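Okay, structure first, notes after.
Below, each value reflects all heavy atoms present in this structure, side chains not excepted, and no hydrogens, waters or symmetry copies. Bear in mind the structure is a predicted one, so any value in this text is a computation, not a measurement.
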Amino acid sequence: MLVLWLVLLALGCPVRAGIVEESSWRTVERELTPDALLVRLDRLVNVCVANYEDLTTDLLLGIAIANAQLRTILKQPLHEPQRQFVESLAKKCDFVESRIESIFNFPSGANAVVSKLLIDSEFWRPKDETRTGASKGQRQRRKRRQLALEDPQTLMEGYLQAIETGGPSELQSDECLSELLVNESENEFNTTGSIVPDAGSSLSVNTVKKRLILSRECSAAMSLRRRSYGYHLTHKLLFYIVLQRQGFANVDRNFVADGQRTLCGQILREADLIAGFDFPDLFRDLFMEQVFLCAFSDAPLPEFTNPAWLAAIASWQNGEGCFKYYADEGDGVLGPNALTTHCSTHMTGVGAALFGLFARLQLVPGV
């Protein structure tokens with residue numbers, strides 16, 4: 001236990017009362033086991049089932065991603081009670097995920113296209129490939145960068161100013177994701193418009209790879225040379241994650257993986273800053289999104305699986321099973337992004353994806 005405690009201190013993890021005190025660390029460890037995380041996810045999904053008609057696309061996306069993790073877990077050897085629990089939870093997620101079918105007819109707007117095509121657990125199944133971590137040189141550069149962090153108050157003031165600037169905007173993000181999901185040269189019902197067969201394969205929809213056609217505007221918005229902050233930066237990372245999963249014939253997978261690693265290096269600096277200020281309410285939703293996306297990416301940095309960060313996030317789940325964003329606070333008054341008085345849609349959706357992911361990372365290591 002002492003060694004684990006010293007490791008947490010060496011990583012610069014904030015020591016929060018009631019979360020990572022040495023006397024309570026054993027309790028925290030029990031709360032972060034796969035079974036404990038799955039129980040947390042089950043409580044969250046039960047809220048979604050009870051509020052099925054009011055679910056939003058943000059929340060449905062998180063459930064779809066969580067469901068993909070559950071389906072991967074079910075491929076592994078499990079003891080029978082655990083398997084039964086995961087199967088039951090996955091069926092609940094299937095039911096919640098089905099809500100997307102009644103929200104849209106086939107979509108036309110960018111947001112609708114993204115929602116319709118990404119709220120699908122099949123899209124988020126882990127790929128059967130080894131994910132690579134950061135190189136030693138990158139870790140050393142991050143360590144030097146962390147040592148250079150001085151005057152945190154000035155950094156936070158600068159961050160508050162920068163977080164509203166840059167791109168892509170939410171609208172740009174939806175439009176650019178839709179370009180990845182629905183190629184310009186094809187329509188929703190024709191998947192044979194712009195395809196390149198793999199060497200030695202026949203022209204089959206199941207064996208061909210499409211070529212990416214990306215607009216000049218999206219190329220500029222998603223450029224790694226364009227600095228982004230806050231949600232602009234996580235939206236850009238989501239674009240690169242979806243780009244990698246689409247497997248376009250004319251896109252270098254190593255370039256995309258390197259792009260994800262570069263973006264997560266930038267996100268890590270922001271996450272470190274948020275953690276250093278003891279997770280202000282204003283940044284908790286963003287922090288959860290940062291941790292999930294970088295832990296899920298094809299080139300994850302080990303810092304984003306920090307148990308102290310996961311413990312902090314788990315502590316924000318309320319008694320109803322949800323996460324509540326500070327702007328949705330109020331005495332019985334629903335905020336702009338609230339599902340119920342206890343449940344914020346985006347934050348709860350990210351929480352679902354995060355619990356599913358971290359359970360899968362422990363039960364199915366290396367995938």
Test ring-ring contact (aromatic ring centres under 6.0 Å, His included) applied to Phe296 and Phe304, Trp124, Phe358, the passing residue: Trp124
Show the nearest heavy-atom pair for residues Ser178 and Val114, with the distance to one decimal. N-CG2, 3.7 Å
For the pair Arg284 (side chain) and Lys324 (backbone), establish whether a donor and an acceptor sit closer than 3.5 Å, ignoring hydrogens and angles. no
Between Glu179 and Ser215, a side-chain donor and acceptor under 3.5 Å: yes
Side-chain donor-acceptor pair under 3.5 Å between Ser173 and Tyr231, yes or no? no
Heavy-atom donor-acceptor pair, Thr348 side chain to Ser344 backbone, under 3.5 Å: yes
Once salt bridge (charged side-chain N to carboxylate O under 4.0 Å, His left out) is applied, do any residues pair with Arg125, and if so which ones, sequence neighbours excluded? Glu122
What's the separation between atom SG in Cys322 and atom CH2 in Trp316, rounded to the nearest 0.5 Å? 16.0 Å
With a 3.5 Å distance limit and no angle check, can you tell me whether Ser115 reaches the backbone of Thr57 through a side-chain donor-acceptor pair? no
Give, for atom CD of Gln290 and atom CG of Leu268, the distance between the pair rounded to the nearest 0.5 Å. 9.0 Å
Show your working on ring-ring contact (aromatic ring centres under 6.0 Å, His included) between Phe283 and Phe277 and close with a plain yes or no. CA-CA 10 Å; Phe283 295 115; Phe277 274 84; 8.7 Å; no
Smallest separation among heavy atoms of Arg83 and Leu78, with atom names: NH2-N, 3.8 Å
Roughly how far, to the nearest 0.5 Å, is CG of Leu60 from CG of Asn67? 11.5 Å
Report the distance from atom NZ of Lys75 to atom CD1 of Ile73, rounding to the nearest 0.5 Å. 12.0 Å
The side-chain hydrogen bond (donor to acceptor under 3.5 Å, both in side chains) partners of Gln317 (sequence neighbours excluded) come to Arg40
Over 60° means perpendicular and under 30° means parallel, so classify the ring planes of Trp309 and Phe287, tilted if in between. perpendicular
Mind checking disulfide bond (SG atoms under 2.5 Å apart) for Cys176 and listing every partner two or more places apart, or none if nothing turns up? Cys218
What distance do Ile119 atom CD1 and Leu59 atom CG have between them, rounded to the nearest 0.5 Å? 9.5 Å
Could you measure the distance from the CG atom of Leu118 to the CD1 atom of Ile65? Nearest 0.5 Å is fine. 8.0 Å
Looking just at side-chain N and O atoms, do Thr33 and Arg30 make a donor-acceptor pair shorter than 3.5 Å? no
What verdict does the side-chain hydrogen bond (donor to acceptor under 3.5 Å, both in side chains) test give for Ser98 and Tyr52, after you've listed the backbone C-alpha separation in whole Å, the side-chain angles of each residue and the deciding distance to 0.1 Å? CA-CA 10 Å; Ser98 71; Tyr52 182 81; 3.0 Å; yes
Say whether, by atom type as modelled, one donor and one acceptor occur between the side chain of Glu289 and the main chain of Val350 under 3.5 angstrom. no
Scan Asn337, Asp285, Asp328 and name whichever one has a side chain to side chain donor-acceptor pair (under 3.5 Å) with His346. Asp285
Which pair of heavy atoms, one from Ala68 and one from Ser121, lies closest together, and at what distance? CB-O, 3.2 Å
Tell me whether Tyr240 contacts the main-chain N or O of Leu263 through its side chain, where contact means a donor paired with an acceptor under 3.5 Å. no
Has Glu170 got more than 12 heavy atoms of other residues, nucleotides or ligands less than 6.0 Å from its CD? no
Minimal non-hydrogen separation, Ala295 against Pro300, with atom names: O-CB, 3.9 Å
Answer yes when Lys92 and Glu97 have at least one side-chain N-carboxylate O distance shorter than 4.0 Å, and no when they do not. no
Taking Asp272 first and then Arg269, would you say they form a salt bridge - that is, a charged N and a carboxylate O separated by under 4.0 Å? no
